[in-house]
A.B. asks: 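Mind looking over this structure? Questions follow.
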Amino acid sequence: MARAALIGVCVITTSLILQLVVVSALQQRTAQERAFDSLRAELAQGTAPVGPADASGRALAPGRPVAFLEIPAIDLRQVIGEGTTSSNLFKGPGHRRDSPLPGQQGTSVLLGRRGAFGGPFARLDELERGDRIRVTTGQGVHEFSVLGTRAEGERAPAPVRAGEARLLLVTAAGRPFLPSGVLRVDAALRGEAAVGPAPLVPPASLPAAERIMGADASTLWALALWLQLLTALTIGAVWAWHRWGRARAWVVFCPPLMLVGLFASGEAARLLPNLL
């Protein structure tokens with residue numbers, strides 16, 4: 001039992017580190033390529049979303065591409081998806097559903113990760129006042145100018161006035177994977193704001209999983225199943241250790257242990273804060 005427990009802890013620890021640092025970045029890069037192709041086709045066809053609902057009047061599906069974000073000062077180019085749960089941010093930055101789309105009247109809120117899954121917002125703290133931000137949506141290209149960065153508790157800019165548009169970028173502060181708070185970047189639209197439909201989700205009704213530092217527990221059952229399979233494999237590995245010998249047991253059981261460990265750590269990553 002001690003050996004089985006030790007094997008299980010080693011597999012989970014190793015696979016979680018591997019998942020967050022290496023595998024997640026590859027997953028995010030692949031997801032971004034697919035999202036970019038999808039958004040580019042919709043922009044060319046004039047079918048890109050311009051509000052919280054599609055042409056049929058149904059709410060946009062979680063993760064659907066809604067905008068393309070470019071920040072030359074930090075060499076950032078990312079497709080923005082709808083929704084800000086931890087699962088949604090596996091694919092890249094997300095648009096908070098209780099805010100308008102970028103470029104529309106009001107304050108649009110975009111959340112992105114600091115370290116895991118490519119860490120697209122890792123360099124937000126390098127932005128300075130006056131830096132340009134370009135966002136392309138179904139309503140055109142919108143140019144923003146950075147007003148400044150602020151940590152948790154610091155004074156926010158004056159509220160946006162009627163008819164104006166602002167962009168708020170949010171990520172974790174501190175070192176990657178060791179957040180010490182929340183970092184916000186405020187930017188004001190240069191030019192006339194677009195008119196868009198009101199968000200379908202009011203701020204008070206936004207689920208906790210989509211808020212800043214929220215966690216997604218909707219697939220906790222899947223994590224439980226993967227952990228059960230991992231437990232069975234570790235017990236089998238200990239049994240094989242005694243019956244077949246150490247070398248043969250590792251050759252047979254190491255690949256499935258690592259594979260199941262990666263699947264389990266992928267589900268466990270959903271329980272971590274969405275800005276990590």
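Note that the structure is predicted; figures quoted are calculated from it, not measured. Both backbone and side-chain heavy atoms feed into the values below; hydrogens, waters and symmetry mates do not.
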A.B. asks: Can you list every pair that meets side-chain hydrogen bond (donor to acceptor under 3.5 Å, both in side chains) and has a residue in residues 194-213, with sequence neighbours left out?
C.D. replies: Arg97-Glu210
A.B. asks: Does Arg34 pair with Asp37 as a salt bridge, N-O distance under 4.0 Å?
C.D. replies: no
A.B. asks: Tell me which pairs pass side-chain hydrogen bond (donor to acceptor under 3.5 Å, both in side chains) where either residue lies in residues 162-171, with sequence neighbours left out.
C.D. replies: Arg161-Glu164
A.B. asks: Tell me the closest heavy-atom pair linking Arg114 and Ala172, and the distance in Å.
C.D. replies: CD-O, 3.2 Å
A.B. asks: Side-chain heavy atoms nearer than 4.5 Å, only ILVMFWY residues, links allowed to pass through others: does that put Val22 and Leu276 together?
C.D. replies: yes
A.B. asks: Which atoms form the tightest heavy-atom contact between Pro102 and Thr137, and what is the distance?
C.D. replies: O-CG2, 3.7 Å
A.B. asks: Among Val109, Thr84, Leu206, find the one that has a side chain to side chain contact (heavy atoms under 4.5 Å, CB included) with Asp98.
C.D. replies: Leu206
A.B. asks: How long is the span from the CH2 atom in Trp241 to the CZ atom in Phe253, to the nearest 0.5 Å?
C.D. replies: 12.5 Å
A.B. asks: Is it true that Leu271 and Leu227 fall in one hydrophobic cluster, defined by side-chain heavy atoms closer than 4.5 Å?
C.D. replies: yes
A.B. asks: So how far is it from Gln139 CD to Thr136 OG1, rounded to the nearest 0.5 Å?
C.D. replies: 12.0 Å
A.B. asks: Roughly how far, to the nearest 0.5 Å, is NZ of Lys91 from CD of Glu33?
C.D. replies: 14.5 Å
A.B. asks: Name all pairs fulfilling the side-chain hydrogen bond (donor to acceptor under 3.5 Å, both in side chains) condition that reach into residues 6-25, sequence neighbours left out, sorted by first residue then second.
C.D. replies: Gln19-Gln27
A.B. asks: Kindly give the heavy-atom pair with the smallest separation between Ala59 and Leu200, and that separation in Å.
C.D. replies: CB-CD1, 3.8 Å
A.B. asks: Hydrophobic clustering (ILVMFWY, side-chain heavy atoms < 4.5 Å, transitive) - are Leu262 and Val11 grouped together?
C.D. replies: no
A.B. asks: How close do Leu223 and Ala264 get, counting heavy atoms only, and between which atoms?
C.D. replies: CD1-O, 3.3 Å
A.B. asks: Do Phe177 and Leu18 sit in one hydrophobic cluster, given that two such residues count as connected whenever their side-chain heavy atoms are within less than 4.5 Å of each other, even indirectly?
C.D. replies: yes
A.B. asks: Does this structure show an ion pair linking Arg64 with Glu42, if we count only N-O contacts that are shorter than 4.0 Å?
C.D. replies: yes
A.B. asks: Quick one: pull up OG in Ser145 and CZ in Arg129 and give me the separation to the nearest 0.5 Å.
C.D. replies: 7.5 Å
A.B. asks: Verify whether one side chain among Ser86 and Arg270 offers a donor that lies under 3.5 Å from an acceptor in the other.
C.D. replies: no
A.B. asks: Other members of the hydrophobic cluster containing Val66, with the 4.5 Å side-chain heavy-atom rule, please.
C.D. replies: Leu60, Leu69, Ile71, Ile74, Leu76, Ile80, Leu101, Leu110, Phe121, Leu124, Leu127, Ile133, Val135, Phe144, Val146, Leu167, Leu169, Leu183, Val185, Leu189
A.B. asks: For Phe117 and Phe90, take the angle between the two ring planes, folded into 0 to 90°, and tell me which bin it lands in: parallel under 30, tilted 30 to 60, perpendicular over 60.
C.D. replies: parallel
A.B. asks: So which atom in Glu154 and which in Arg150 form the shortest heavy-atom distance, rounded to 0.1 Å?
C.D. replies: OE1-CA, 3.3 Å
A.B. asks: Can you tell me how far apart CG (Leu272) and CG (Leu20) are? Round to the nearest 0.5 Å.
C.D. replies: 6.5 Å
A.B. asks: Are the charged groups of Glu152 and Arg184 less than 4.0 angstrom apart, N to O?
C.D. replies: yes
A.B. asks: Decide yes or no for Gln104 and Ser108: does some side-chain heavy atom of the first lie under 4.5 Å from some side-chain heavy atom of the second?
C.D. replies: no
A.B. asks: Under 4.5 Å between side-chain heavy atoms, hopping through other hydrophobics if needed: is there a path connecting Leu39 to Phe36?
C.D. replies: yes
A.B. asks: Return the minimal non-hydrogen interatomic distance between Ala193 and Gln105, and the atom names on each side.
C.D. replies: CB-CG, 3.7 Å
A.B. asks: Under the ring-ring contact (aromatic ring centres under 6.0 Å, His included) rule, what pairs show up with a residue in residues 192-226, not counting sequence neighbours?
C.D. replies: Trp226-Phe263
A.B. asks: Starting at CG of Asp216, measure out to CG of Asn274 and round the result to the nearest 0.5 Å.
C.D. replies: 9.5 Å
A.B. asks: Listed by chain and number, what are the side-chain hydrogen bond (donor to acceptor under 3.5 Å, both in side chains) partners of Thr85, not counting sequence neighbours?
C.D. replies: Asn88
A.B. asks: Name the residue from Arg132, Arg190, Arg134 that meets the side chain to side chain donor-acceptor pair (under 3.5 Å) definition with Glu143.
C.D. replies: Arg134
